[in-house]
Amino acid sequence: MQPDLSLLIRQAQILHPDGELRVGDVLIRGGTIEQVATEMSLEADETVREIDAQGLTLLPGVIDPQVHFREPGLEYKEDLFTASCACAKGGVTSFLEMPNTWPLTTTQAALDDKLQRAAQKCVVNYGFFIGATAEMLPDILEAKPACGIKIFMGSMHGPLLMSEEEVLDKIFSQGSRLIAVHAENQARIQERRQQFAGITDPAIHSQIQDNQAALEATELALKLSKKYQRRLHILHLSTAEEAELLRRDKPAWVTAEVTPQHLLLNTSAYETIGTLAQMNPPLRSPHDNEVLWQALKDGVLDFIATDHAPHTLEEKAQTYPNTPSGMPGVETSLPLMLTQAMQGRCTVAQVANWMSTAVAKAYRIPNKGTIAPGYDADLVLVDLHTYHPVRREDLLTKCGWSPFEGWNLTGWPVVTIVGGQVVCEHGKVNTEVRGKALTFDG
């Protein structure tokens, strides 16, 4: 489907690159932002679709840098089409997806298969990680286009688990591609699983995979990154101890992210939603919430990812520890964070930076994350004045639930635009739109 020839967004509250919100118009041609002005007039005979955005706020489209969309191999939980529709509804215009599908994304052939599937199914833009294994397959370094190498240091079994320092050292020592780590110490987790064996209360999950397990793995990843000056990204950082470590010692080539759930939920959630609160790394204490918030605002943590990892309600209804870890998030992440902004915890400009601009910069995704001439027209118009609760029946994710069900949020997307095409309007997805494969400079 060709992008709209031209699209004119009129009188939106536009987030400018300087962080200021100012009312104006945005003209889009051929999928690119052509002009941003206080007000503009077009020739009367010009074909243009106009969107009246009075009272709405225009932000760069969200780039979610960590999702698990389950295709191929686990499509009963989610697939690229359902997940990308959920993205569109949530204002997510691009995503970076993880390699723990089946087969694993560890070869160029597996990566090509995902890219082909996404080209056919995804209504938003897409990129994929290549997974590291102890075999050190050459495609880890050479497969393209890949946003980085994903290493599971813990909370994993099978070929993608890489917990031994000697094996990790080999990965860090070769090539220059970004390495993204799930940092949990597998040996400590296994010891504590034995220690707490037989306990079926899901709240024990946060004690088994405790703060120390996360800290030890992050310390090791940081050590190897410094040894080789290797570009390192720490995924879903969850503890106060890790945040304080990075505050003391964070080289310029290291970045870290946090999820909305590690900012907004804590171990008290087990009492209300049970295993729906179970994820890896686990939810932490209210103290961890506060330290993570401060680290994010101070720039110790760089941006936000959802770690969208859906499982069916039937799977979640089993008894711990037979329940899978993970929760969906792409539909709720932007309104969750904008609601925090409206409550004064942060600013709208900070949310846009954490959820778009800083992600594009870290992963070197060209022409994304900013509302300015020459940038791709990946945009979201949000309503910061109207509140609606998260309702299970409104969700487009195939798993059909949210840990934030019942939360009353503002900042819900009204219009989502991908490459100049209106992909979602008032909650209805245009399933004919197709996103594009992301590119990564360097």
Presence of salt bridge, Glu219 and Lys226, under 4.0 angstrom:
no

Minimum heavy-atom distance Thr339-Thr410, with the two atoms named:
OG1-N, 2.9 Å

Taking side-chain contact (heavy atoms from CB on, under 4.5 Å) as the definition, give me every residue that meets it alongside Glu405, ordered by chain and number, with sequence neighbours left out.
Arg392

Any Lys/Arg nitrogen of Lys150 or Glu97 sitting under 4.0 Å from an Asp/Glu carboxylate oxygen of the other?
no

Mind checking salt bridge (Lys or Arg N to Asp or Glu O under 4.0 Å) for Lys316 and listing every partner two or more places apart, or none if nothing turns up?
none

Mind checking whether Phe303 and His233 have parallel, tilted or perpendicular rings, split at 30° and 60°?
parallel

Can you tell me which residue among Lys398, Lys121, Lys77 is in a salt bridge (charged side-chain N to carboxylate O under 4.0 Å, His left out) with Glu71?
Lys121

Which residue, Leu384, Val382, Val390, Thr386, forms the side-chain contact (heavy atoms from CB on, under 4.5 Å) with Trp412?
Val390

Could you give me the CA-CA distance, side-chain angles and deciding distance for Val348 and Leu59, then say whether side-chain contact (heavy atoms from CB on, under 4.5 Å) is met?
CA-CA 9 Å; Val348 171; Leu59 304 175; 3.8 Å; yes

Assess whether a salt bridge exists between Asp169 and Lys223, defined as any Lys/Arg side-chain N lying under 4.0 Å from an Asp/Glu carboxylate O.
no

Check this for me, if you would: do Asp79 and Arg70 make a salt bridge, where the nitrogen-to-carboxylate-oxygen distance has to be below 4.0 angstrom?
no

If you count heavy atoms of other groups shown closer than 6.0 angstrom to NZ of Lys361, is the number above 12?
no

Would His68 and His308 count as a ring pair (Phe, Tyr, Trp, His ring centres under 6.0 Å) here? Give the steps.
CA-CA 6 Å; His68 302 264; His308 178 97; 8.9 Å; no

Decide, yes or no, whether a salt bridge links Asp376 with Lys436 under the criterion of side-chain N to carboxylate O below 4.0 Å.
no

Do the side-chain N and O atoms of Gln207 and His205 include a donor-acceptor pair separated by under 3.5 angstrom?
no

Using the side-chain hydrogen bond (donor to acceptor under 3.5 Å, both in side chains) definition, which of the options Lys89, Glu331, Glu78 pairs with Thr397?
Glu78

Close aromatic pair by centroid cut-off 6.0 Å: Tyr126 and Phe69
no

Using 0.5 Å steps for rounding, measure from the NZ atom of Lys114 to the CG atom of Leu80.
7.5 Å

For the CG atom of Leu168 and the OG atom of Ser225, what is their distance to the nearest 0.5 Å?
12.5 Å

Does either side chain, that of Gln278 or that of Ser325, offer a donor lying less than 3.5 Å from an acceptor on the other one?
yes

